[in-house]
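Here's the structure we're looking at; comments come further down.
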Amino acid sequence: MTAPHQSLPLGSLALIALFVAAAAGAFAYTAGWFSPQRLTPGKLVDAFAPPTGVALGHRRNHAKGICFTGVFEANGAGSELSRAAVFARGQYPVLGRFNLGTADANAADATVRVRGLGLRITTPDGQEWRSATINAPVFPVSTPVTFYELLHASGSKDPNAVATFAAAHPEFAPFGDWAKNGTWTGSYAEEHYNSLNSFVFVDGSGAEHVVRWSLLPAAQPVAVSTDELAKRGPNFLEQEIAQRVAGAPQRWTMVVTVANPGDPTADPTKAWPTDRRSIEVGTLVAQQVQAEPDGPCRDINFDPTVLPSGMRTSDDPFPAARSAAYAKSYDLRTAEAKDYPRTTPGAKP
Ligand code: HEM
């Protein structure tokens, strides 16, 4: 054994130096320092910045939102697809966030097309299922790099930039059609929320199933024009959901859809054929709404790769890119807490 005061032979020092250089090189590569073209989480997050400036202390996307708590009532049927405890018949606590797909924390509700739902479901075995789903039936782009290009087009001063992007990317068309012609509703409670990304569920026998899932509202969606919604005020969605949940818990059925072999599991612009096997696995119940500044969803990252045992990511490239971008956004916003003051001084949920 080498005594602590003995000097290391030259060969060992060279080996250590080589190891440190390799580690630093790998780190620099991961951070994108060697190639300015390489997409990094920082570049992705910066690309959301609105012309009005970043909303300090807030999420870099889906910046406007409201917290809720409730339960997920599993009916037991999901255990056929995944051994995750969350599908065993029972009730599990939920922390959630209704939100708008915008980087502007003060956007008027009637101006934002995409509405989202962040969820964390906790089970007694100490595991968590985090997810962030949206009301669009498909995503606008097929890869994280193309998403970055779309963000640039959206932020461009050229009024035709998005049209030019869409013309060059035919895969954008189904999302574009929904954005233009899909129904607008007057409530977060009336929206469908879709995972869009695919994941792998692993059942008790070890068999794997590639799935997507949706939350279908118990409330009947009522179509409302954007002109009518604009008259309801800039924050009508938050006011409406707070009142609605205070009156009665709001429910969504969680439906898991299983891919057939050959279905496009790595491309969220492509819906799967409607005849795919779908299983109702339980009900999400929103029981209490809380404003975000002091609420329990403020300082959580609904990272879609935080999955319980019995679920994993698939060949879909988005969840890994999302995880890295959400972590970057989380680090930035939590370090800016003073720019987003709590309403009760000293409150820490
Ligand atoms: C590469 C693609 C994507 C990027 C770069 C991205 C980026 C972001 C960022 C930076 C946040 C804020 C995270 C935080 O501070 O906690 C966010 C939130 C969110 N994203 Fe994404 N996103 C992507 C794809 C998606 C997809 C495919 C969906 C839905 C299927 C989605 C739904 C949401 C929702 C619902 C939230 C709000 C979650 C919350 O309440 O905290 N995103 N996204």
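Counting starts at 1 for both ligands and their atoms, following the listed order. All values reported here derive from a predicted model rather than from experimental measurement.
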Derivation of the salt bridge (Lys or Arg N to Asp or Glu O under 4.0 Å) call for Arg333 and Glu336: CA-CA 5 Å; Arg333 65 184 167 90; Glu336 298 157 353; over 6 Å; no

Worked check of salt bridge (Lys or Arg N to Asp or Glu O under 4.0 Å) between Asp109 and Lys64: CA-CA 9 Å; Asp109 292 351; Lys64 187 174 184 183; 2.7 Å; yes

Worked verdict on Arg115 versus Glu190 for salt bridge (Lys or Arg N to Asp or Glu O under 4.0 Å): CA-CA 11 Å; Arg115 297 174 182 171; Glu190 296 175 16; over 6 Å; no

Derivation and outcome, side-chain hydrogen bond (donor to acceptor under 3.5 Å, both in side chains), residues Ser195 and Asn197: CA-CA 5 Å; Ser195 75; Asn197 294 135; over 6 Å; no

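Remark: Asp299 engages Arg342 in a salt bridge, criterion side-chain N to carboxylate O under 4.0 Å.
Less than 4.0 angstrom separates some heavy atom of Thr133 from each of these atoms of ligand 1: 35 (C). Atoms of ligand 1 found under 4.0 Å from any heavy atom of Leu44, numbered from 1 in the order shown, are 5 (C). Annotation for ligand 1: atoms under 4.0 Å from non-hydrogen atoms of Ile134 are 29 (C), 30 (C), 32 (C). Close approach to Phe302 involves these atoms of ligand 1, each under 4.0 Å from a residue heavy atom: 39 (C), 40 (O), 41 (O). Within ligand 1, the atoms closer than 4.0 Å to a non-hydrogen atom of Phe318 are 1 (C), 2 (C), numbered from 1 in the order shown.
The single protein non-hydrogen atom nearest to atom 3 (C) of ligand 1 is Phe147 CE2, 3.5 Å, given as residue, atom name and distance. Scanning all protein heavy atoms for the shortest distance to atom 16 (O) of ligand 1 gives Arg333 NH2, 2.7 Å. Among all non-hydrogen protein atoms, the one lying nearest atom 10 (C) of ligand 1 is Ser329 CB, 3.7 Å. Looking at atom 31 (C) of ligand 1, its nearest protein heavy atom turns out to be Arg322 NH2, 3.2 Å. The closest protein non-hydrogen atom to atom 42 (N) of ligand 1 is Tyr326 OH, 2.8 Å. At the top of the distance list for atom 29 (C) of ligand 1, counting protein heavy atoms only, stands Ala132 O, 3.5 Å. With hydrogens left out, the protein atom closest to atom 19 (C) of ligand 1 is His62 CD2, 3.2 Å, a heavy atom.
Partner of Trp213 under the ring-ring contact (aromatic ring centres under 6.0 Å, His included) criterion, out of Phe87, Trp252, Phe199: Phe199 alone.
A donor-acceptor pair under 3.5 Å links the side-chain atoms of Arg212 to the main chain of Leu196, judged by distance alone.
Heavy atoms of Pro268 stay at 4.0 angstrom or farther from ligand 1. Heavy-atom separations between Tyr148 and ligand 1 are all 4.0 Å or longer.
Contacts of Ser195 with ligand 1, taken as heavy-atom pairs under 4.0 Å, involve the backbone alone. At a heavy-atom distance under 4.0 Å, atoms from both the backbone and the side chain of Arg59 approach ligand 1. Within the 4.0 Å heavy-atom criterion, the part of Asn197 lying near ligand 1 is the side chain and not the backbone.
A cation-pi arrangement, defined by a distance under 6.0 Å to the six-membered ring centre and an angle within 45 degrees of its axis, is absent between Arg130 and Tyr326.
Remark: ligand 1 and Asn194 share no N or O pair separated by less than 3.5 Å (distance only, no angle test). The shortest N or O to N or O distance between Arg97 and ligand 1 is below 3.5 Å.
Counted within 6.0 Å of CD on Glu208, heavy atoms from surrounding residues, nucleotides or ligands total more than 12; the atom is thus considered enclosed.
Residues Gly282 and Asn75 approach most closely at N-ND2, 3.7 Å, considering heavy atoms.
Arg251 has its side chain within reach of Glu73: a pair of non-hydrogen atoms, C-beta onward, lies under 4.5 Å apart. When side chains are defined from C-beta on, Phe302 counts as touching Arg120, because their heavy atoms get closer than 4.5 Å.
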